[in-house]
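Along the sequence shown, residues are numbered consecutively beginning with 1.
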Amino acid sequence: MFQPQPFERSVVISLPIAAIGGKLGELKVARSNKRVAVTGGHGKIGRTLVPYLRKQGYDVFVIDRDGPESLEEPMMVADLTDFGQALDALSSVGKDVYARPERHAFDVVVHLASMPHPRMIPDGDEFRLNMMATFNVFEACRRQGIKDIVWTASEVGTGVPYDRTNAPYVPVDENYPMRGYNVYSLTKVLGEEMARQFCLNDPEMRITCLRLSNVMNPEEYRRFDSWQEEPTQRLWNFWTYVDNRDVAQAIAKAIEYDVRGKDEFFITNDETVMRTPTEQLLNKYFQNVERRKKFQGNEVVLSNEKAKRVLGYKPEHRWTNKS
């Protein structure tokens with residue numbers, strides 16, 4: 001049976017070591033597990049991420065427009081396009097009878113909530129929903145004194161579909177020019193600029209933008225065989241994907257990333273969705289795109305090198321290893 005627990009904030013206590021017989025200095029008691037809010041926690045990514053984070057020892061609170069999956073789930077139903085609801089949800093502390101609003105309620109906010117694809121609803125509504133939800137989360141965090149945000153941005157903000165936007169060079173990296181081909185990708189471009197502006201205006205803030213590739217669950221790998229004879233079906237993002245389980249790993253790495261300001265990372269697999277070698281595909285379909293390296297085997301074209309080097313990200317799940 002669920003037992004309500006009082007809200008406990010982890011703290012760092014500094015004591016003069018001399019007080020316990022040591023030399024002058026400080027004895028620091030580290031924080032316990034971080035409290036993390038996950039917006040859109042009932043979506044495709046959230047359903048894999050939330051249990052992963054809890055297994056890693058994080059205290060996770062879900063904010064979603066859908067109701068709780070059980071009465072014991074720590075969550076709030078909220079419409080993040082409404083600033084008042086976003087502000088209230090991101091001030092949630094305690095459980096059950098101990099629940100109340102309070103500033104500094106979370107150590108980190110992971111912002112997933114978004115329309116997942118273009119043209120699912122009319123463009124004006126999609127722009128409003130994506131932009132208002134992202135602004136409201138960023139601004140609510142700023143007002144609540146929450147300084148750490150991980151936002152799932154997207155590869156689409158760098159000119160997807162690349163076969164329509166004259167891709168300048170490969171591999172695609174974090175220095176790629178931003179371009180919004182449609183309203184969905186435009187919200188990702190503007191979201192990253194908004195993140196940069198928030199961090200310029202508050203030097204203590206950091207917003208880590210994870211440019212996720214096409215997120216796949218293991219059961220979706222069966223579709224990959226159908227693309228082998230039709231590579232043109234995946235020209236739009238240079239045949240790139242990422243396993244949902246590796247997205248969870250990347251987000252956990254980003255939660256622990258502690259560099260102030262706005263930063264961005266491509267989160268991809270190490271290989272493409274194709275068995276055909278990448279060099280062969282580029283020679284056939286992107287002859288006029290500048291090539292800044294020679295690709296080995298079916299090596300990915302959207303580079304995850306920065307995420308590996310800086311975050312310690314290491315993709316572990318490949319479609320070619322499916323049973």
Side-chain angles (χ1 to χ4, degrees), residues 116-119 152-182 184-186 188-189 192 209-218 220-247 249-250 263-311 313-322:
H117 299 287
R119 301 289 294 170
T152 50
S154 174
E155 64 186 3
V156 300
T158 58
V160 170
Y162 296 119
D163 57 318
R164 296 287 183 89
T165 56
N166 299 315
Y169 64 85
V170 292
V172 178
D173 58 23
E174 284 77 10
N175 296 319
Y176 228 63
M178 301 295 285
R179 177 172 177 179
Y181 179 79
N182 51 37
Y184 174 71
S185 55
L186 179 61
K188 300 301 183 180
V189 173
E192 285 208 31
C209 302
L210 301 182
R211 295 176 179 175
L212 305 184
S213 186
N214 189 192
V215 179
M216 296 289 184
N217 284 324
E220 296 178 280
Y221 285 157
R222 69 174 72 95
R223 300 164 50 195
F224 286 35
D225 284 331
S226 68
W227 299 329
Q228 303 311 306
E229 301 301 321
E230 293 291 341
T232 55
Q233 294 184 49
R234 299 289 302 188
L235 293 179
W236 56 274
N237 75 339
F238 287 123
W239 310 282
T240 309
Y241 80 104
V242 64
D243 190 287
N244 204 355
R245 294 164 292 182
D246 288 328
V247 171
Q249 178 213 144
D263 210 344
E264 58 285 323
F265 301 90
F266 277 106
I267 305 300
T268 69
N269 204 282
D270 286 331
E271 63 180 12
T272 69
V273 303
M274 304 297 295
R275 295 190 180 92
T276 304
T278 300
E279 286 282 328
Q280 184 176 330
L281 292 169
L282 291 171
N283 287 338
K284 183 172 183 179
Y285 298 105
F286 292 96
Q287 305 97 325
N288 297 324
V289 175
E290 177 188 350
R291 213 167 302 178
R292 296 185 174 180
K293 65 169 286 185
K294 183 175 178 62
F295 294 87
Q296 303 298 318
N298 65 341
E299 182 182 353
V300 69
V301 181
L302 273 65
S303 174
N304 57 28
E305 185 277 333
K306 181 182 176 184
K308 289 179 175 178
R309 171 171 45 85
V310 178
L311 299 179
Y313 169 65
K314 185 179 180 181
E316 299 175 349
H317 303 281
R318 301 186 175 199
W319 77 277
T320 49
N321 292 340
K322 69 182 188 299

Say you draw a straight line from [atom1] of [X] to [atom2] of [Y]; how long is it, rounded to the nearest 0.5 Å?
| X | Y | atom1 | atom2 | answer |
| --- | --- | --- | --- | --- |
| K308 | D270 | NZ | CG | 3.5 Å |
| N237 | T268 | CG | OG1 | 10.0 Å |
| T232 | L281 | OG1 | CG | 11.0 Å |
| Q296 | E271 | CD | CD | 14.5 Å |
| Y176 | F266 | OH | CZ | 8.5 Å |
| R318 | E316 | CZ | CD | 11.0 Å |

Any donor-acceptor pair under 3.5 Å linking the side chain of [X] with the backbone of [Y]?
| X | Y | value |
| --- | --- | --- |
| Y184 | P116 | yes |
| K306 | E264 | yes |
| T165 | G159 | yes |
| N298 | M274 | yes |
| E299 | T278 | no |
| N304 | N269 | yes |
| Y181 | V156 | no |
| Q280 | P277 | no |
| W319 | R222 | no |
| D246 | H317 | yes |

Heavy-atom distance under 4.5 Å between the side chains of [X] and [Y], does that happen here?
| X | Y | result |
| --- | --- | --- |
| C209 | K188 | no |
| F295 | P171 | yes |
| V160 | V172 | no |
| D163 | Y285 | no |

- Check ion pair E279-R291 (N to O, under 4.0 angstrom): yes

- Is there a side-chain contact (heavy atoms from CB on, under 4.5 Å) between L302 and R211 once you walk through the steps? CA-CA 10 Å; L302 273 65; R211 295 176 179 175; over 6 Å; no

Distance alone, cut at 3.5 Å: any donor-acceptor contact between the side chains of [X] and [Y]?
| X | Y | answer |
| --- | --- | --- |
| N166 | R179 | no |
| Y169 | D173 | yes |
| E155 | T240 | no |

- Task: State whether the number of non-hydrogen atoms from other residues, nucleotides or ligands found under 6.0 Å of K294 atom NZ is greater than 12.
- Result: no

- Item | Q287 CD: over 12 foreign heavy atoms closer than 6.0 Å | yes

- Message: Is the distance from the ring center of Y162 to that of F286 below 6.0 Å?
- Response: no

- Classify the ring geometry between F224 and Y221 as parallel (under 30°), tilted (30 to 60°) or perpendicular (over 60°). perpendicular

- Kindly indicate, with the supporting measurements, whether the criterion side-chain contact (heavy atoms from CB on, under 4.5 Å) is fulfilled by V300 and E305. CA-CA 11 Å; V300 69; E305 185 277 333; over 6 Å; no

